[in-house]
Amino acid sequence: MNNGQKPRLLIARAIFPQVIERLQQYFEVEHNQDDVMWTPQQLQQRLQDKLALFATPSEKIDAALLDACPNLRMLGLMAVGFNNVDLSQATKNRVMVSNTPDVLTETTADFGWALMLAAARRVTESEHWLRAGHWQNWRYDSFLGVDLYRSTLGILGMGRIGQAIARRASGFQMQVLYHNRRHLSPEQEQTLNARWVSKEELLKQADHLILMLPYSSATHHTLGAAELALMKPTSVLVNLARGGIVDDVALCAALREGKIAAAGLDVFENEPRLLPDFLSLKNVVLTPHIASASTATRQAMAMCAVDNLVAMVQEGKPRNWVNPFSA
Ligand code: DGY
């Protein structure tokens with residue numbers, strides 16, 4: 001704060017009005033309630049006099065932007081994933097970056113099950129068919145799907161959300177296998193009734209495979225043609241994590257050629273411009289990055305991002321600081 005002035009903050013996208021009201025208590029706020037999609041240059045221009053940015057997964061906070069905005073010191077992301085931020089450049093430039101973990105765990109896990117069930121039981125495909133007026137009669141073989149009950153659930157990436165997904169599997173009496181760099185403790189494995197297996201084993205054994213890895217250059221195209229070829233032709237793939245973890249071209253080919261049965265996807269490479277192939281495939285359920293989108297959870301995420309920004313002003317650091325550095 002300079003001369004008793006409040007620090008300046010930019011809100012990059014439209015947001016709940018109560019977020020603006022709360023931030024205005026601590027910052028001089030410029031908002032974007034018309035939800036104009038600023039170009040990187042426009043964002044850069046608006047950030048020139050700002051100390052803080054309230055951002056979403058849509059903004060690309062890369063090295064060029066960070067270098068071009070020397071006054072920027074605080075970034076409050078309304079997301080748990082922060083792959084849209086060049087973290088090492090932010091650290092170099094002494095920009096504190098915060099995210100919103102925990103508050104979205106259960107809602108996102110719920111949505112994983114929604115996508116898994118919808119893809120396995122062909123919910124959206126059959127609904128489109130019905131709405132198009134094709135339903136004449138009951139048939140023994142209408143929209144035959146894949147069971148979840150007593151099948152094998154594979155979870156690739158066993159962090160908070162992966163574990164919340166696993167907790168829900170007991171109601172379906174599923175066997176839970178997981179792969180993660182770090183093994184869970186024996187107690188956690190016992191509670192979740194989950195067993196660590198190699199990635200290859202996971203791909204081969206899972207009837208339903210959920211991806212819950214963070215995106216980075218190390219996880220880029222974790223699932224490509226070779227990995228998809230290991231999966232069962234009856235298996236269902238769900239990606240809730242980030243586009244880029246799956247090679248979308250390879251996935252479209254696998255879905256088209258029946259190498260896997262179906263997929264449920266909430267995230268895509270280059271979203272929101274997804275591959276046209278996805279739109280013509282019937283065995284894929286597509287949603288627009290809404291896994292955390294319940295009213296309560298999106299409000300909690302927004303308020304968590306606000307709390308982080310306020311803590312940066314009041315306590316010198318955010319609660320959920322993803323690139324801690326010393327003063
Ligand atoms: C996150 O928090 O990273 C989600 O993808 C945004 O909904």
Side-chain angles (χ1 to χ4, degrees), residues 11-16 19 32 35 37 53-62 74-87 90 96-116 118 155-165 168 180 210-223 237-246 248 251 263-274 278 285-309 318-323:
I11 305 180
R13 298 286 308 280
I15 195 62
F16 301 107
V19 166
N32 181 14
D35 215 24
M37 292 295 135
L53 173 65
F54 180 106
T56 73
S58 305
E59 291 76 55
K60 196 167 178 211
I61 322 282
D62 57 12
M74 306 173 185
L75 182 53
L77 268 182
M78 182 182 154
V80 66
F82 43 81
N83 58 296
N84 57 324
V85 181
D86 184 330
L87 217 55
M96 289 185 272
V97 180
S98 62
N99 70 342
T100 60
D102 300 320
V103 288
L104 48 62
T105 299
E106 303 300 333
T107 298
T108 304
D110 282 353
F111 199 75
W113 283 87
L115 275 184
M116 190 162 43
I155 304 176
L156 186 54
M158 199 59 147
R160 283 173 281 233
I161 300 173
Q163 291 174 47
I165 288 167
R168 287 155 171 77
N180 200 48
I210 295 205
L211 306 180
M212 246 0 288
L213 301 164
Y215 179 79
S216 70
S217 53
T219 59
H220 182 73
H221 286 188
T222 294
L223 228 70
L237 173 71
V238 171
N239 188 6
L240 288 186
R242 278 291 182 271
I245 292 173
V246 180
D248 281 354
L251 176 57
L265 307 173
D266 188 46
V267 288
F268 306 86
E269 290 192 281
N270 306 316
E271 62 184 56
R273 287 171 295 282
L274 55 166
F278 278 129
V285 177
L286 308 165
T287 53
H289 202 147
I290 56 165
S292 64
S294 72
T295 305
T297 292
R298 282 285 165 90
Q299 284 175 349
M301 289 166 70
M303 282 308 173
C304 178
V306 170
D307 288 344
N308 281 319
L309 287 159
R319 309 251 162 90
N320 308 109
W321 193 0
V322 295
N323 64 335

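Counting starts at 1 for both ligands and their atoms, in listed order. Keep in mind it's a predicted model, so treat the numbers as computed, not measured. Computed over heavy atoms, backbone and side chain alike; hydrogens, waters and symmetry mates excluded. Numbering starts at 1 and runs along the sequence shown.
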Could you go through residues 210-217 and list every donor-acceptor pair under 3.5 Å that involves a side-chain atom there, pairing it with any protein atom two or more places apart or in another chain?
from: Y215; atom 1: OH; to: H220; atom 2: ND1; distance (Å): 2.7
from: S216; atom 1: OG; to: A218; atom 2: N; distance (Å): 3.1

Can you produce the list of protein nitrogen or oxygen atoms under 3.5 Å from a nitrogen or oxygen of ligand 1, alongside each distance?
from: ligand 1; atom 1: 2 (O); to: V80; atom 2: N; distance (Å): 2.6
from: ligand 1; atom 1: 3 (O); to: V80; atom 2: N; distance (Å): 3.4
from: ligand 1; atom 1: 3 (O); to: G81; atom 2: N; distance (Å): 2.9
from: ligand 1; atom 1: 3 (O); to: R242; atom 2: NH1; distance (Å): 3.4
from: ligand 1; atom 1: 3 (O); to: R242; atom 2: NH2; distance (Å): 2.7
from: ligand 1; atom 1: 5 (O); to: R242; atom 2: NH1; distance (Å): 2.7
from: ligand 1; atom 1: 5 (O); to: H289; atom 2: NE2; distance (Å): 2.7
from: ligand 1; atom 1: 7 (O); to: S292; atom 2: OG; distance (Å): 2.8

Item checked: Evaluation steps, side chain to side chain contact (heavy atoms under 4.5 Å, CB included), between N239 and L251 -> CA-CA 11 Å; N239 188 6; L251 176 57; over 6 Å; no
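- Using a cut-off of 4.0 Å between Lys/Arg side-chain N and Asp/Glu carboxylate O, E271 and R242 are scored as not salt-bridged.
- Once rounded to the nearest 0.5 Å, the distance linking CD1 of I165 with OG1 of T108 reads 8.5 Å.
- For the atom pair T107 OG1 and I290 CD1, the distance stands at 12.0 Å (nearest 0.5 Å).
- Note that CG of D110 and CZ of R168 are 4.5 Å apart. Values are rounded to the nearest 0.5 Å.
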